[in-house]
Amino acid sequence: MPSDSIGGAFDQLYRASYRRMLAKGIVVCGGNSAVAQDAVQEAFIRCWRRMNDVHGPPVENWHAWLSTVVVRECLAALRHQPGTLPLEGRDFSSTTPELAAHLDLKDAYRRVCGAIAQLSGRQRAAVALCCMADLDAKQAGAVMGVEAPTVRVHLSRARKTLGPLWAEFDSLGLFDDQREDGAR
């Protein structure tokens with residue numbers, strides 16, 4: 001592919017996906033927009049490199065590919081941060097993605113971020129990998145270093161903890177697939 005068409009394709013993908021990727025990253029990070037922005041930036045850098053790699057395998061779905069990279073980058077960054085995710089004193093009006101503000105979903109977004117921050121690290125990883133990065137339980141288990149049934153247990157516990165807020169994830173457009181067990 002000529003570099004001009006790669007640049008155009010990348011620009012189009014960036015414009016179409018940036019806000020949604022940032023929203024996913026912020027939710028995975030429990031409201032920590034700095035970590036989410038770094039993850040999204042890294043995902044788009046990798047995307048640019050991948051688009052320019054003539055020897056690499058073709059990517060069928062760039063949106064799914066970006067979602068997976070963003071979620072994995074967020075989870076990797078959170079593993080290196082001790083303790084829980086600090087939400088006190090956070091200005092959600094400045095960290096909430098523009099899309100959520102336009103759709104008047106700021107309150108739902110805040111509740112979802114707060115609920116995600118209360119999940120255990122394993123539960124948050126299972127939700128992020130299975131529901132936001134569109135991986136099945138076996139793939140998520142490989143990333144998390146556990147077996148697929150363990151991923152399903154973490155996902156089930158997260159769903160129980162989140163309860164009625166689970167539907168708000170869908171209204172925010174954060175889930176790519178909503179299979180109950182995280183499998184495809």
Side-chain angles (χ1 to χ4, degrees), residues 17 19-33 35-36 38-40 42-43 46 59-87 90 92 95-97 99-100 103 105 107-184:
S17 303
R19 288 182 181 147
R20 190 163 186 198
M21 294 302 126
L22 184 59
K24 286 183 183 198
I26 290 173
V27 169
V28 171
C29 294
N32 190 332
S33 66
V35 172
D38 288 347
V40 171
E42 179 62 29
R46 288 187 191 181
V59 173
E60 298 286 327
N61 182 341
W62 282 106
H63 177 78
W65 186 90
L66 280 169
S67 292
T68 301
V69 174
V70 167
V71 168
R72 286 181 178 181
E73 286 295 315
C74 287
L75 293 173
L78 292 175
R79 275 193 290 260
H80 295 39
Q81 291 183 352
T84 60
L85 298 170
L87 292 178
R90 223 176 253 295
F92 282 94
T95 61
T96 303
L99 176 62
L103 298 175
L105 294 173
D107 289 335
Y109 184 79
R110 185 179 309 168
R111 286 191 302 275
V112 168
C113 283
I116 286 285
Q118 299 305 312
L119 294 175
S120 73
R122 293 284 184 161
Q123 290 172 358
R124 189 170 41 249
V127 169
L129 292 168
C130 292
C131 300
M132 295 180 192
D134 202 27
L135 299 181
D136 62 29
K138 184 176 179 180
Q139 294 167 321
V143 172
M144 295 171 63
V146 298
E147 296 295 321
T150 304
V151 172
R152 288 187 191 99
V153 167
H154 290 305
L155 189 59
S156 175
R157 288 180 181 162
R159 289 182 75 97
K160 188 177 282 186
T161 299
L162 295 173
L165 286 177
W166 195 262
E168 292 195 48
F169 283 107
D170 185 44
S171 70
L172 291 168
L174 296 171
F175 286 173
D176 291 325
D177 186 27
Q178 289 196 319
R179 299 275 310 253
E180 290 291 319
D181 63 355
R184 303 289 167 261

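What you are looking at is a predicted structure, and each value in this text was computed from that prediction instead of being measured.
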ask   = Side chains of C131 and L155: does their closest heavy-atom pair fall under 4.5 Å?
value = yes
query = Has the side chain of S156 got a donor or acceptor atom that lies under 3.5 Å from a matching backbone atom of R152?
reply = no
task = Measure the spacing between CD of Q123 and CG of L162 and express it to the nearest 0.5 Å.
result = 8.0 Å
request  = Would you check if H63 and M21 make a side-chain contact, meaning some heavy-atom pair closer than 4.5 Å?
outcome  = yes
query = Can you name the closest pair of heavy atoms from A137 and V151 and give their distance?
reply = O-CG2, 3.7 Å
ask   = Can you tell if the side chain of T150 reaches within under 4.5 Å of the side chain of M144, non-hydrogen atoms only?
value = no
query = Say you draw a straight line from CG of L119 to CZ of R157; how long is it, rounded to the nearest 0.5 Å?
reply = 12.5 Å
message = Less than 4.5 Å apart, side chain to side chain, heavy atoms only: is that true for D38 and V35?
response = no
query = Could you give the distance from OG1 (T68) to NZ (K24), rounded to the nearest 0.5 Å?
reply = 8.0 Å
key: Exercise: identify the closest heavy-atom pair between A43 and L66   = O-CD2, 3.7 Å
task = Indicate yes or no: at least one non-hydrogen side-chain atom of V70 is less than 4.5 angstrom from one of V28.
result = no
ask   = Does a side-chain heavy-atom distance below 4.5 Å link R72 with L135?
value = yes
Non-hydrogen atoms of C74 and A39 that approach each other most closely = SG-CB, 3.5 Å
